[in-house]
Amino acid sequence: MGGNLRSAHVGQSVTLGGWVHKSRDLGGQVFIDLRDREGLVQIAFNPGWTAADVIAAAAAIGMESAIIVEGSVALRPDGLRNAALPTGEIEVRATAFRVVGPAATPPIPVALDKEAKLPAEDLRLRHRVLDLRRAELQRNLVLRHRLMQVTRNYLSDDGYLELETPILTKPTPEGARDFLVPSRMHAGEFFALPQSPQIYKQLFMCAGFDRYFQIARCFRDEDLRADRQLEFTQIDIEASFITREDILAMAEGLVKALWLEGGVEIETPFPRMSYAEAMERFGCDRPDLRYGLEIRDLSSVFATSESGIIKGALEAGGRVRGITVPGAASWSRKQVDELEAIAKGAGAGGLVRLKVADGKLEGPLAKFMAADAAGPLGLVDGDLLLAVAGADRISSPALDRVRQECAARLGLAAADRREFLWVLDFPMFDRDPETGALAAVHHPFTSPNGGDMAARPDAPDTWRALAYDCVLNGTELGGGSIRTSDPTVQSRMFELLGIPDRADQERRFGFLLEGLRAGAPPHGGIAFGFDRIAMILAGSDSLRDVIAFPKTTAARALFEGAPAVVPAQDLADLHIRVTDKERA
RNA sequence: GGGGGCGUAGCUCAGUUUGGUUAGAGCACUCGACUGUCACUCGAGAGGUCGCGGGUUCGAGCCCCGUCGCUCCCGCCA
């Protein structure tokens with residue numbers, strides 16, 4: 001209310017509730033900046049319209065106290081308007097006020113100067129109520145609310161039903177670590193919190209609710225990051241009797257609506273790229289298309305190289321791939337060494353560096369190269385070529401990181417550009433190099449490409465999946481797939497994933513197989529990371545700025561103090577014994 | 001599980017380089033002055049286990065070892 005007052009309200013009597021943002025005591029008169037959800041408004045306490053005892057009380061009030069003010073809206077005198085404030089044309093001339101919630105002296109400031117640094121993150125989390133009063137976090141949570149409403153309206157208007165799924169679910173051995181909830185009534189048995197509502201939404205499809213969505217809370221007990229929390233919110237969508245194209249078009253519409261709410265118009269449809277092409281050109285399944293620095297295959301030029309390392313890599317069936325960084329020939333030895341360290345950190349044995357000056361190659365390997373190799377390599381003066389020799393599985397991630405670092409150094413990733421992209425045709429499986437075991441790249445319920453499966457039934461490594469990811473500027477916004485709706489195929493997938501025993505499959509995933517056997521429609525869907533989208537649209541780089549009560553990276557909630565030890569009797573009721581010696 | 005950064009007043013920081021008197025500043029807080037401020041101004045004051053533990057030293061905020069917390073990254077996150 002108070003933050004919305006404008007000159008149009010002049011003359012009105014108002015009663016305002018809010019918090020003391022700042023106060024200025026000038027002796028005979030007092031000004032208080034009253035803050036509410038909408039903003040700030042100046043309250044003027046002056047002997048001309050305010051009783052002396054009210055002025056005295058106003059002068060004594062502490063910052064961040066909750067107050068109720070009565071008064072009238074008045075135009076400020078000429079020359080005393082504040083253009084920096086939306087309410088700066090007016091002020092409220094107080095006739096009465098009450099302190100309804102006196103505040104202890106705030107341990108962290110709420111009213112901050114424009115250039116002031118925020119308090120340390122742990123203090124902000126420890127005193128979260130005060131931190132949440134700041135305009136930035138108020139804005140972010142309001143945005144979050146609006147994005148939720150946009151999502152609901154868009155999907156509901158498109159015929160999707162918002163349906164809920166259980167929070168207490170069955171533990172699944174695949175994927176991330178489950179959060180487990182002990183069952184009091186069944187000693188030694190546990191519920192799991194859902195990593196996603198994946199199977200439940202497929203069961204909804206089997207049950208005939210052919211368009212489902214949920215703004216679903218998901219839980220994964222893994223280590224945290226700036227963009228990863230233990231619990232997070234997902235826009236979860238599934239539909240029946242649809243094709244991949246239907247899902248992509250629906251998802252593009254949703255993303256467009258979300259960005260519009262965030263104040264940005266974007267173009268649809270999004271460009272598309274196969275996984276194979278993304279890996280070949282960018283070394284990464286979620287490429288940042290705001291800049292080039294694309295990876296090229298240089299094997300044929302290096303084939304004539306006398307270098308033992310290069311020869312060995314090529315003879316072993318590997319390739320030489322690299323990126324050209326224009327103007328980077330001037331980078332210092334140290335700067336390039338740092339790039340090599342990044343490549344090595346990503347698994348590469350080393351980083352070939354060749355720079356071009358006066359048409360000639362320079363660098364440790366130049367002596368092994370033909371004198372005129374710059375031309376065939378496509379290099380001109382000032383270029384720096386950075387290359388990795390070896391298997392693609394080594395060179396791709398190494399060049400991906402080198403490419404990102406070079407782009408960062410050159411400032412190529414423009415913050416105001418948005419390069420959306422669909423990455424399609426992911427491989428179905430990934431093989432663990434140590435154990436040789438297959439793992440699902442997306443998840444075990446994704447449908448393999450039927451043609452791939454028919455063409456080479458005994459080579460699951462070669463199968464592509466009907467899976468897709470939505471990527472923005474190198475960040476994955478969401479992903480999904482067409483699911484396996486044939487219980488026989490699903491059973492075969494479990495088999496390939498290391499659950500060959502039918503009884504085992506039934507014990508673990510029987511509820512899904514039963515749904516599929518009941519007459520399953522073709523179906524598929526997608527899930528978007530809602531917090532991450534809110535973070536991007538809020539212009540923040542931490543999830544903690546769009547979540548009201550987040551956990552620290554050490555997986556603690558500092559405000560409420562979770563997790564916490566519980567009384568021994570509670571544990572006994574749950575049939576739990578703590579084995580850690582120091583805590584038991 | 002591993003690596004980097006940070007930790008000094010309620011908050012943000014200086015002081016650590018090269019160990020040496022009583023550890024400082026701004027904001028906030030307390031008291032006082034001030035009738036048009038909006039980073040109000042001015043005066044005075046209070047406020048510190050220098051994250052914690054151990055060590056080296058005549059002497060440690062500063063050096064060494066360990067540890068805790070926050071943070072960023074790797075592993076991990078179907």
Side-chain angles (χ1 to χ4, degrees), chain A residues 21-34 40-50 52 55 59-60 62-64 74 76-85 87-88 91 93 103-127 130-131 172-178 195-196 198-199 218-230 232 341-342 345-347 397 401 426 428-430 432 438-446 465 467 476 479 481 493 497-498 527 529 541-542 544 551-556 558:
Chain A
H21 187 70
K22 279 192 163 186
S23 64
R24 293 173 292 281
D25 176 3
L26 273 64
Q29 64 175 340
V30 174
F31 297 97
I32 288 179
D33 292 334
L34 182 75
L40 300 175
V41 64
Q42 173 165 282
I43 314 295
F45 299 79
N46 182 294
W49 52 80
T50 316
I55 296 178
M63 288 206 296
E64 294 309 318
R76 294 201 198 180
D78 282 340
L80 297 172
R81 306 199 176 125
N82 186 345
L85 223 52
T87 58
E91 66 189 5
R93 299 190 166 169
T105 299
I108 61 170
V110 176
L112 285 164
D113 291 343
K114 288 165 281 296
E115 298 304 315
K117 272 190 73 175
L118 290 176
E121 185 99 29
D122 51 334
L123 291 166
R124 291 178 49 201
L125 293 172
R126 176 68 194 82
H127 308 289
L130 290 171
D131 198 37
T172 53
E174 270 72 32
R177 220 174 270 117
D178 279 328
Q195 296 181 25
S196 85
Q198 180 60 36
I199 292 178
C218 305
F219 307 86
R220 294 177 191 175
D221 189 5
E222 297 290 347
D223 289 358
L224 295 84
R225 290 281 191 282
D227 62 350
R228 233 162 61 195
Q229 283 271 311
L230 296 181
F232 58 98
I342 288 169
R401 294 201 185 170
F426 279 77
M428 185 69 205
F429 300 108
D430 199 15
D432 187 316
L438 287 180
V441 167
H442 188 56
H443 58 52
F445 320 112
T446 295
E476 182 193 330
S481 64
M493 292 304 125
L497 290 167
D541 50 14
S542 171
R544 292 183 294 268
K551 310 288 186 284
T552 67
T553 50
R556 278 190 183 282
L558 297 180

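Chain letters run A, B, ... following the sequence lines, proteins first and then strands; every chain starts at 1.
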Where is the tightest heavy-atom contact between A:Pro119 and A:Arg124, given as atom of each residue plus distance?
O-CD, 3.4 Å
B:U8 and B:G15: how far apart are their C1' atoms, nearest whole angstrom?
9 Å
Any carboxylate oxygen within less than 4.0 angstrom of a Lys/Arg side-chain nitrogen, looking at A:Asp131 and A:Arg126?
no
So if I take every side-chain heavy atom of A:Arg401 and compare against B:C70, B:C72, B:C74, which nucleotide ends up nearest?
B:C74
Nearest heavy-atom neighbours spanning A:Met428 and A:His443
CE-O, 4.4 Å
Closest contact, heavy atoms only, A:Pro47 versus A:Gln29:
CD-CB, 4.4 Å
Is there a donor on the side chain of A:Asp223 or the base of B:C76 sitting less than 3.5 Å from an acceptor on the other?
no
Go through B:C38, B:C76, B:G36 for me and flag the one nearest to the A:Asp33 side chain.
B:C38
Say we look at B:A28 and B:G20: how far apart would their C1' atoms be, to the nearest angstrom?
34 Å
Do A:Arg126 and B:G69 have a side chain to base donor-acceptor pair shorter than 3.5 Å?
no
Euclidean distance for C1', B:A9 against B:G53 (whole angstrom):
23 Å
B:U17 versus B:C65 - spacing of their P atoms, nearest Å:
16 Å
Do A:Arg220 and A:Arg228 have side chains that get closer than 4.5 Å, going by heavy atoms?
no
Would you measure the distance from the C1' atom in B:C6 across to the matching atom in B:C50 and give it in whole Å?
15 Å
C1' spacing across the pair B:C77 / B:A60, given as an integer number of angstrom:
44 Å
Of the listed B:C29, B:G69, B:C72, the closest approach to the A:Asp122 side chain comes from B:G69
Using a 4.0 Å heavy-atom cut-off across all strands, classify A:Ser196 as base, sugar-phosphate, or nothing.
base
Figure out the CG/C1' separation between A:Leu80 and B:U35, and round it to whole Å.
12 Å
Between B:A23 and B:G51, how far apart are the two P atoms, rounded to whole Å?
15 Å
B:U71 phosphate, OP1 or OP2, under 4.0 Å from A:Thr553 side-chain N/O
yes
Could you tell me whether A:Leu497 contacts a base, only the sugar-phosphate backbone, or nothing, with contacts defined as non-hydrogen atoms closer than 4.0 Å?
nothing
Please tell me which of A:Lys22 and A:Gly62 maps to the more 5' nucleotide of RNA chain B, matching each residue to the nucleotide holding its nearest heavy atom.
A:Gly62
Under 3.5 Å, is there an N or O donor on one side and an acceptor on the other linking the side chain of A:Gln29 and the base of B:U37?
no
Let me know the distance between CG of A:Leu112 and P of B:G26, rounded to the nearest Å.
19 Å
Atom CG of A:Asp541: over 12 foreign heavy atoms under 6.0 Å:
no
Nearest whole angstrom, please: distance from the P of B:U37 to the NE2 of A:His21.
19 Å
Tell which nucleotide pairs with B:C77, taking only Watson-Crick or G-U wobble pairs whose two distances are both under 3.5 angstrom.
none
On RNA chain B, check which nucleotide each of A:Arg228 and A:Leu125 is closest to and give me the residue with the more 5' one.
A:Leu125
Pair of N/O donor and acceptor under 3.5 Å linking B:C76 base with A:Arg220 side chain:
no
Same-atom distance (P) from B:G55 to B:G48, integer angstrom:
26 Å
Candidates B:C70, B:U35, B:U12 - which lies nearest the side chain of A:Ala120:
B:U12
Candidates A:Thr552, A:Leu224, A:Thr553 - the one meeting side chain to side chain contact (heavy atoms under 4.5 Å, CB included) with A:Gln229
A:Leu224
Quick check on B:C40: is either OP1 or OP2 less than 4.0 Å from any side-chain nitrogen or oxygen of A:Arg24?
yes
Categorize A:Thr552 for me: base, sugar-phosphate, or nothing, with a 4.0 angstrom heavy-atom threshold over every strand shown.
sugar-phosphate
